[in-house]
Amino acid sequence: MEVSWEQSVTDSINTIYLLFSAYLVFVMQLGFAMLCAGSVRAKNAMNIMLTNVVDAVVGSISYYLFGFAFAFGDGTNSNPFIGTTFFALKDIPSTSYDYSYFLYQWAFAIAVAGITSGSIAERTQFSAYLVFSFFLSGFVYPIVVHWVWSSNGWLSPSSDMLLGSGAIDFAGSGVVHLVGGIAGLWGSFIQGPRVGRFDAFGKPVPMRGHNATLVVLGTFLLWFGWFGFNPGSFGKILVAYPNTTNQGNWTGIGRTAVTTTLAGSTAGLTTLFGRRLLVGHWDALDACNGLLGGFVAITSGCSVVEPWAAIVCGFCAAWVLIGLNVLTLKLQFDDPLEATQLHGGCGAWGLIFTGLFAKKEFVIQVYNSGEAGVVRPYGLLLGGGWGLIGCQVVELLAIVAWVSITMGPVFFALSKLKLLRISIDEEVAGLDISSHGGYAYTTHPEENHPRFYADYMPIQGRNHS
């Protein structure tokens with residue numbers, strides 16, 4: 001059957017929108033790289049930047065071969081737990097998905113491993129990184145995607161299997177950020193803190209990142225990319241809502257960009273003043289992390305809440321982050337980028353927030369294209385009952401359990417095989433010199449360290465003789 005001219009134009013515009021969003025999300029890899037590089041010490045900058053490159057290249061292959069299939073594979077053998085078709089993109093394009101959709105989802109998949117790399121920075125063997133990055137982006141993460149974002153997943157709002165609602169995790173506070181945060185939690189916990197992070201009495205010793213400029217640059221790049229991450233999750237921009245004269249996905253997309261901005265900005269401001277009260281000075285790096293915490297939290301409900309609710313979301317996210325940072329220091333837990341607290345903690349809060357504040361009208365617009373007569377659970381505090389908040393809690397618990405039983409044993413096995421953590425000598429010298437042939441910068445503040453790999457090896461020989 002011949003496709004009409006109007007349909008062709010509609011499909012083309014929707015594809016352009018989705019591809020543009022995919023490119024924006026991919027820019028977040030550069031944001032992660034800059035943020036991570038600035039947040040570690042100079043002697044580990046090359047290492048952390050290489051891990052960000054590896055996220056993209058390893059994630060591309062694993063997501064192509066089987067990640068996309070596990071996430072979105074449908075067909076006769078489809079089930080609510082795992083996809084079973086589309087391996088190596090066989091039968092794509094299909095009636096459900098095309099290449100542009102694959103590219104958009106790939107950009108999400110490679111972001112997950114980037115979150116976890118921050119948690120285990122400055123002390124991890126590079127070979128271990130290759131193993132867990134491949135496993136996380138190719139298997140662990142896609143299974144969660146299938147549960148929530150595939151049309152037949154058991155948590156999906158499209159299938160209504162769970163409590164007549166399904167979980168609303170529009171762009172992935174749980175699916176992306178909580179998965180990355182819990183994986184980082186296990187990696188960091190099993191490795192233990194960096195050498196010198198806590199003194200003999202258990203008091204934390206500051207280990208500030210070496211370059212605040214890179215942290216701020218990375219933060220703004222991530223903010224820019226989030227406009228593809230959240231609004232782009234609509235997938236299509238040309239979808240009109242019935243019973244309205246001028247509303248459609250385009251209005252929802254604009255609203256989503258506004259709620260994203262407001263939540264991040266509120267969290268950044270709250271963190272800035274909150275930390276000022278706690279530590280006595282204005283800290284740019286804390287404000288950047290707070291900003292990102294707000295973005296992580298709003299990512300679940302960005303499309304279904306009012307702008308005023310986004311401000312509530314960001315305010316609470318900031319205090320979740322500040323509180324978890326205080327707690328982790330008391331527990332002597334060392335995450336150089338606060339990734340566990342930021343992506344795990346704020347991601348969990350984002351899921352709960354959506355269950356409390358999702359607006360009835362917006363939920364029907366986003367998940368039923370504004371269809372008249374549809375009844376769905378919505379935010380508990382707006383009178384929508386317990387169905388949605390129940391699903392949000394179930395998603396939270398399911399993700400924590402799934403990532404724990406998959407990634408926990410992987411990190412534990414790597415540790416037992418002595419493949420996870422580098423030696424104390426290598427850690428003190430820095431990963432750049434011990435694993436990557438030299439420093440990221442030609443000048444280095446700690447000049448008593450060897451400058452090149454060739455200088456490092458004789459020292460290693462003396463230490464072991």
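None of the values given here were measured: they were computed from a predicted structure.
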Is it true that atom CZ of F81 has more than 12 heavy atoms of other residues, nucleotides or ligands lying nearer than 6.0 Å? yes
My understanding is that only one of F72, F108, F70 makes a ring-ring contact (aromatic ring centres under 6.0 Å, His included) with W149; could you say which? F108
What is the ring orientation for F68 with Y63, classed by angle as parallel under 30°, tilted 30 to 60°, or perpendicular over 60°? perpendicular
Classify the side-chain pair N52/Q29 by whether it contains a donor and acceptor separated by less than 3.5 Å. no
Pairing donors with acceptors under 3.5 angstrom, does anything connect the side chains of S119 and W186? no
We want to know whether D74 and S96 form a side-chain donor-acceptor pair, criterion being a heavy-atom distance below 3.5 angstrom. yes
Knowing that exactly one of F135, F189, F132 qualifies, which makes a ring-ring contact (aromatic ring centres under 6.0 Å, His included) with F411? F132
Of all heavy-atom pairs linking T354 and G301, the shortest is OG1-N, 3.2 Å
F20, CZ atom: more than 12 neighbouring heavy atoms under 6.0 Å: no
Between S60 and W106, is any side-chain donor less than 3.5 angstrom from a side-chain acceptor? yes
Taking only Lys NZ, Arg NE, NH1 and NH2, and the carboxylate oxygens of Asp or Glu, determine whether D283 and R208 approach each other closer than 4.0 Å. yes
I'd like to check F224 versus L24 (side-chain heavy atoms, cut-off strictly below 4.5 Å). Are they in contact? yes
When you look at CZ of F26, are more than 12 heavy atoms from neighbouring residues, nucleotides or ligands closer to it than 6.0 Å? no
